[in-house]
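Reading through the structure tokens given below for one structure.
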Amino acid sequence: MDNLGDAIKMMFAKHFVDVGACPQCGARLYVPKPRPDIGGACPTCGYIDSNKHVKRTDEDWTLEAHKNDQISYFNSNSIIPGLKIMSNKFETMKMTPELNDVVKTAKDIAVRMAKPKHKPIHSLFTGSSGKGKTHTAISIVNEVWRLTNYQHKILFIDYPMFVSMQQQAINDKDAAKFINKVMYEIRDEKGKGADCVVIDDLGTEPQMANDWNSSKFNEIMRAREDKDIIITTNLAPENIADKYNEQTMSRLRKFAKGNFINFKENIPDYRRAM
């Protein structure tokens with residue numbers, strides 16, 4: 001036995017059975033060996049299959065296939081700190097009165113984004129850390145998937161991780177190949193890439209040459225100028241223009257009307273609430 005990780009895996013295998021992929025995050029579902037008849041549970045995101053004993057129709061299996069396709073696309077093309085956040089939904093938000101307007105606007109964004117041939121949506125979520133911006137963004141993703149029966153291709157970019165990976169790609173061919181693949185999906189040049197891109201934590205990335213960072217974010221906004229994008233940031237809108245450039249902010253404003261959410265300071269710290 002090579003290490004502690006192997007020992008834990010062996011111990012886990014003695015008591016649990018792998019019953020397939022989690023439909024929520026793409027990780028594995030497990031059931032206890034003594035109870036193979038119950039629904040599987042995902043230790044990664046907390047999903048529990050409550051439909052184990054329900055007879056599924058052809059429509060159910062078609063929906064399941066679409067769901068697996070979109071989750072696979074999301075996982076393969078996203079730069080994300082962990083799959084656990086994919087369990088974030090509107091119904092799991094720790095609601096306070098201060099979040100009512102936030103959730104109302106976010107649900108409206110999801111409904112419009114789910115409509116075929118809708119007007120492009122540029123959604124900007126601003127506010128200090130811990131106000132629920134990322135949870136809200138992922139809730140929109142899950143709601144759009146639900147409303148479209150998993151017909152929407154969405155990817156998620158943790159922007160600090162993206163910038164760090166860009167640095168790594170200078171001397172790492174695999175990292176460079178992955179970054180190029182992600183940028184290809186973001187550009188959606190042939191109409192087969194991402195329907196929506198989520199950029200999370202803009203402005204908290206490692207400090208690099210301002211010109212480089214400005215040009216990279218501008219490249220993303222140029223690619224998404226007439227396509228859906230959701231951006232979360234601690235920066236005030238005017239500071240985005242200062243940090244990246246006015247041209248980029250102009251592209252963001254193009255379809256931002258009605259899609260801006262300010263997470264006000266009176267919203268309780270979301271992480272503590274959890």
Side-chain angles (χ1 to χ4, degrees), residues 20-29 39-51 59-96 99-116 118 120-125 131-159 185-186 193-201 224 227-232 259 261 263 270-271 273-274:
C22 172
Q24 183 161 270
C25 74
R28 309 307 297 175
L29 291 176
C42 176
T44 302
C45 72
Y47 171 83
I48 297 176
D49 183 3
S50 59
N51 297 316
E59 289 78 9
D60 292 331
W61 289 116
T62 298
L63 178 61
E64 189 78 8
H66 288 320
K67 189 173 186 177
N68 290 337
D69 287 345
Q70 297 309 331
I71 289 173
S72 176
Y73 176 88
F74 182 95
N75 291 343
S76 298
N77 295 289
S78 293
I79 300 174
I80 193 168
L83 293 174
K84 188 174 181 180
I85 67 171
M86 290 313 298
S87 63
N88 293 346
K89 297 180 181 180
F90 288 124
E91 54 265 34
T92 65
M93 291 189 76
K94 305 295 183 181
M95 290 299 298
T96 64
L99 279 172
N100 288 338
D101 288 342
V102 166
V103 171
K104 181 180 178 181
T105 303
K107 285 183 175 179
D108 176 67
I109 290 169
V111 168
R112 286 185 283 116
M113 191 176 289
K115 292 180 179 178
H118 62 271
I121 293 171
H122 293 173
S123 194
L124 180 66
F125 298 171
K131 301 300 181 183
K133 298 186 299 294
T134 301
H135 190 130
T136 303
I138 294 295
S139 295
I140 290 175
V141 170
N142 279 312
E143 184 68 1
V144 170
W145 275 342
R146 185 186 71 81
L147 292 171
T148 62
N149 288 331
Y150 292 88
Q151 299 291 326
H152 241 57
K153 296 167 74 174
I154 303 174
L155 61 81
F156 182 103
I157 303 295
D158 180 291
Y159 201 70
E185 296 299 326
I186 289 175
D195 295 303
C196 178
V197 173
V198 179
I199 303 293
D200 192 46
D201 267 352
R224 304 304 299 182
K227 301 177 177 72
D228 294 344
I229 187 168
I230 299 171
I231 298 171
T232 79
N259 303 316
I261 300 180
F263 288 72
Y270 195 78
R271 296 187 181 103
M274 296 175 68

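The nearest pair of heavy atoms linking Ile140 to Ala106 is CG1-O, 3.7 Å. Scanning all heavy atoms of the two residues, the minimum distance from His152 to Gln70 falls at O-OE1, 2.9 Å. Shown here for Asn259 and Arg112, the closest heavy-atom pair between the two residues is OD1-NH2, 2.6 Å. Taking all atoms of both residues into account, the shortest heavy-atom contact from Leu99 to Lys94 is CD1-O, 3.7 Å.
Counting only distance, with no hydrogens or angles, the side chain of Ser87 and the backbone of Lys84 share a donor-acceptor pair below 3.5 Å. A donor-acceptor pair under 3.5 Å is formed between the side chain of Asp195 and the backbone N or O of Lys153. Without hydrogens or angle criteria, Asn142 side chain to Asn88 main chain gives a donor-acceptor distance under 3.5 Å. Between the His118 side chain and the Lys115 main chain, a donor and an acceptor come within less than 3.5 Å of each other. A donor-acceptor contact shorter than 3.5 Å is absent between the side chain of Ser123 and the backbone of Ile230.
Between Glu143 and Arg146, at least one side-chain N (NZ, or NE/NH1/NH2) sits under 4.0 Å from a carboxylate O, which counts as a salt bridge. Ion pairing of Asp228 with Arg224 is absent here, as no side-chain N (NZ or NE/NH1/NH2) approaches a carboxylate O to less than 4.0 Å.
Side-chain contact between Leu147 and Met113: absent, with no pair of heavy atoms (C-beta onward) separated by less than 4.5 Å. Inter-residue side-chain proximity for Ile157 and Val198 is flagged as unmet; no heavy-atom pair is nearer than 4.5 Å. No side-chain heavy atom of Ile85 sits under 4.5 Å from any side-chain heavy atom of Leu83. At a threshold of 4.5 Å between non-hydrogen side-chain atoms, the residues Thr136 and Phe263 count as touching. Counting heavy atoms from C-beta outward, Ile154 and Trp145 have side chains that approach closer than 4.5 Å. Inter-residue side-chain proximity for Met86 and Phe74 is flagged as met; some heavy-atom pair is nearer than 4.5 Å. Contact of the Ile199 side chain with the Phe156 side chain is not registered, since no non-hydrogen atoms from C-beta on lie closer than 4.5 Å. Two residues are said to be in side-chain contact when any heavy atoms from C-beta on lie closer than 4.5 Å; Ile121 and Ile109 meet this criterion.
A donor-acceptor contact under 3.5 angstrom links the side chains of Tyr73 and Glu185, judged on distance only. No hydrogens or angles considered: a donor-acceptor pair under 3.5 Å links the side chains of Gln151 and His66. With 3.5 Å as the limit, one finds a donor-acceptor pair spanning the side chains of Asp200 and Thr232.
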Is there a salt bridge (Lys or Arg N to Asp or Glu O under 4.0 Å) between Lys104 and Asp108 once you walk through the steps?
CA-CA 6 Å; Lys104 181 180 178 181; Asp108 176 67; over 6 Å; no
Take Lys133 and Ile261 through the side-chain contact (heavy atoms from CB on, under 4.5 Å) test and state the conclusion after the steps.
CA-CA 9 Å; Lys133 298 186 299 294; Ile261 300 180; over 6 Å; no
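More than 12 non-hydrogen atoms from other residues, nucleotides or ligands lie less than 6.0 angstrom from NZ of Lys67.
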